[in-house]
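Reading through the structure tokens given below for one structure.
Naming: A, B, ... by sequence-line order, numbering from 1 per chain. None of the values given here were measured: they were computed from a predicted structure.
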Protein chains: 2
Amino acid sequence: MAAKTTKPSPIPSVWARPQREQDQPTLNRATIVREAIVMLDAEGVEALSMRKLATRLNAGAASLYRHVATKDELMELAVDEVAAEIHVPPADSPDWRAAVSEAAHSFRTTALRHPWLGSVLGQAGLAYLGPNLMSYSERLAALFTAAGFPDPTGAIDAVLSYVIGMSTTEAAWLSTVARSGESEADFIARLLPAAQQAVAEHEHLAKGYAETEEAATTDPAAMRDAKFAAALEIVLDGLTLRLKATGS
Amino acid sequence: MAAKTTKPSPIPSVWARPQREQDQPTLNRATIVREAIVMLDAEGVEALSMRKLATRLNAGAASLYRHVATKDELMELAVDEVAAEIHVPPADSPDWRAAVSEAAHSFRTTALRHPWLGSVLGQAGLAYLGPNLMSYSERLAALFTAAGFPDPTGAIDAVLSYVIGMSTTEAAWLSTVARSGESEADFIARLLPAAQQAVAEHEHLAKGYAETEEAATTDPAAMRDAKFAAALEIVLDGLTLRLKATGS
DNA sequence: CTTCGTTGCGAACACTGTACGCACAACGGA
DNA sequence: TCCGTTGTGCGTACAGTGTTCGCAACGAAG
């Protein structure tokens with residue numbers, strides 16, 4: 001049995017002591033979460049393991065558990081950390097509809113910037129809300145009450161559910177595209193024949209499909225933006241109706 | 001017969017041969033998917049392993065790979081199998097709004113019956129649509145076009161995204177409740193003080209929270225039903241507005 | 001009877017999340 | 001100056017995981 005790695009000195013020597021060798025003075029919960037997010041963004045949710053994360057932090061795998069109880073907890077922390085990026089306009093905005101739309105778009109862009117968010121939300125849900133997610137809800141509620149909504153909670157449910165559903169679906173799509181290594185347009189072009197054949201015997205789908213095919217192959221990102229905005233307008237229309245019904 | 005493993009046959013003997021010992025004649029993709037769904041429903045997504053699934057089918061783990069390329073593929077198959085349970089009213093329904101509402105409610109009940117669905121959708125998305133999910137979309141499209149919508153695809157986006165977002169969030173919540181072993185009401189009651197404290201410094205959330213607290217502790221399931229239905233009405237209002245704008 | 005394609009599967013590989021227990025730095029009091 | 005206590009890092013180990021390889025056993029075909 002040959003010693004394969006740096007066998008720690010059986011003879012205690014001054015030169016063997018670590019002595020401020022770390023660039024990071026100590027391991028830290030915040031830095032762990034930050035580095036986890038970097039890895040998640042770069043390589044996706046199934047590429048993150050405690051061992052890889054530890055080596056990237058110049059640490060041993062077991063050390064992480066001094067700062068984080070379990071991997072799931074680390075994921076919840078990462079989700080809440082990322083939730084801080086979502087922007088919500090102040091409650092006294094003159095145009096509540098534009099403000100809510102901006103909050104929705106901000107959620108979407110952060111969800112697309114961190115595509116793993118959908119996976120975690122689908123598993124852990126919003127059961128234990130971290131402080132940042134909480135504050136996001138609070139600011140949305142402030143927006144809706146300032147606008148005069150009788151039931152701000154219901155309004156939040158409608159717009160937030162729509163945004164979550166659309167964004168996570170979109171993020172999952174982008175993840176599979178990224179895994180393929182191709183650009184989105186190339187990926188679409190490659191599976192176009194299969195999609196056409198699959199859609200062929202569904203007449204109503206085929207109709208809508210034919211209309212959007214060109215846009216999908218030329219500028220898919222713009223088409224996704226338009227889709228998101230258009231369906232969001234529908235939800236906002238419903239909210240406007242509720243507000244008017246109360247006002248009159 | 002005590003010995004069920006057919007291993008000990010250094011001497012080829014008639015008695016050692018398996019000879020129709022299986023109740024299932026052969027392993028089969030359909031039965032694999034069915035049993036996987038049973039396990040997923042019973043124990044959740046992280047309790048399903050290829051080995052456990054195989055032993056439940058009186059088979060070896062490696063045998064499954066003769067019928068299924070990978071575990072992810074098995075998951076996609078399970079998702080599509082479950083999608084067949086979703087009911088959509090026929091396109092010639094007199095009241096399109098009631099029909100869409102029924103389709104939405106049917107999606108929700110199947111998502112709650114199979115709470116793992118949210119996790120898989122969050123990871124795999126709707127990239128490769130299986131035939132059953134495809135047919136669900138098609139029937140929704142038929143419903144919207146029959147109702148006279150100018151852009152059925154946009155209408156589908158709005159209602160489907162809302163339903164996915166709400167249902168998966170709800171399913172994730174129910175999963176964490178189930179993991180706790182308690183009833184939903186008990187679970188809520190137990191974390192009520194923590195939730196109240198967390199919500200205390202968010203004035204707008206606290207207001208809505210106070211209103212729904214009693215309903216949440218007495219009949220949480222009914223409250224969730226009501227929440228889903230209420231927010232769905234908002235989305236449907238938005239759709240109705242779109243339809244009227246076209247008609248006039 | 002031989003051959004062939006198909007199916008089942010034991011064993012192994014490369015990993016995973018996490019628990020245990022030791023080594024060692026910092027520190028406060030005697 | 002020593003001695004405990006406390007908190008941190010981490011080597012090692014355990015119980016799993018998904019998946020591959022190669023072999024055995026079969027039913028049908030030639």
Once you round it to whole Å, what is the distance between [atom2] of [N] and [atom1] of [X]?
X       : N      : atom1 : atom2 : value
B:Asn28 : C:dT7  : CG    : P     : 10 Å
B:Leu53 : D:dT17 : CG    : P     : 12 Å
A:Ile32 : C:dG17 : CD1   : C1'   : 15 Å
A:Leu57 : D:dC10 : CG    : P     : 10 Å
B:Glu46 : C:dT18 : CD    : P     : 11 Å
A:Met50 : D:dA15 : CE    : P     : 21 Å
A:Leu74 : C:dT16 : CG    : P     : 15 Å
B:Leu27 : D:dG27 : CG    : P     : 17 Å

A:Lys52 vs C:dT16: side-chain N/O to OP1/OP2 distance below 4.0 Å
yes
Report yes if a donor N or O on one partner sits less than 3.5 Å from an acceptor N or O on the other, where the partners are the side chain of B:Arg51 and the base of D:dG16; otherwise report no.
no
Applying ring-ring contact (aromatic ring centres under 6.0 Å, His included) to B:His105 and not counting sequence neighbours gives B:Phe228
Closest to side chain of B:Ala62, choosing from C:dG8, C:dA12, C:dG10
C:dG10
Go through the structure and list residues passing side chain to side chain contact (heavy atoms under 4.5 Å, CB included) with B:Ile164, not counting sequence neighbours.
A:Thr169, B:Phe107, B:Leu126, B:Leu160, B:Thr168
Those residues at least two apart in sequence (or on a different chain) that pass side chain to side chain contact (heavy atoms under 4.5 Å, CB included) with B:Ala47 are B:Glu43
Acceptor/donor pairs from residues 61-71 of chain B side chains to any protein atom, 3.5 angstrom cut, sequence neighbours excluded:
| from | atom 1 | to | atom 2 | distance (Å) |
| --- | --- | --- | --- | --- |
| B:Ser63 | OG | B:Gly60 | O | 3.3 |
| B:Lys71 | NZ | B:Leu48 | O | 2.9 |

Checking all strands, does B:Ala54 fall into the base, sugar-phosphate, or nothing category for heavy-atom contacts under 4.0 angstrom?
nothing
Begin with the C-alpha distance, continue with both residues' side-chain angles, and end with the deciding distance and a verdict on side-chain contact (heavy atoms from CB on, under 4.5 Å) for B:Val199 and A:Glu138.
CA-CA 9 Å; B:Val199 116; A:Glu138 162 71 11; over 6 Å; no
Let's see if you get this right: which residues in residues 63-73 of chain B place a heavy atom under 4.0 Å from DNA chain D?
B:Tyr65, B:Arg66, B:Thr70, B:Lys71
Verify the distance criterion only: is there a donor paired with an acceptor across the side chains of A:Thr55 and A:Arg51 at less than 3.5 Å?
no
Provide the full list of side chain to side chain donor-acceptor pair (under 3.5 Å) pairs with a residue in residues 107-124 of chain A, sequence neighbours left out, each pair given once.
A:Asp41-A:His114, A:Asp41-A:Trp116, A:Glu85-A:Arg113, A:Glu85-A:His114, A:Arg108-A:Glu170, A:Arg108-A:Asp225
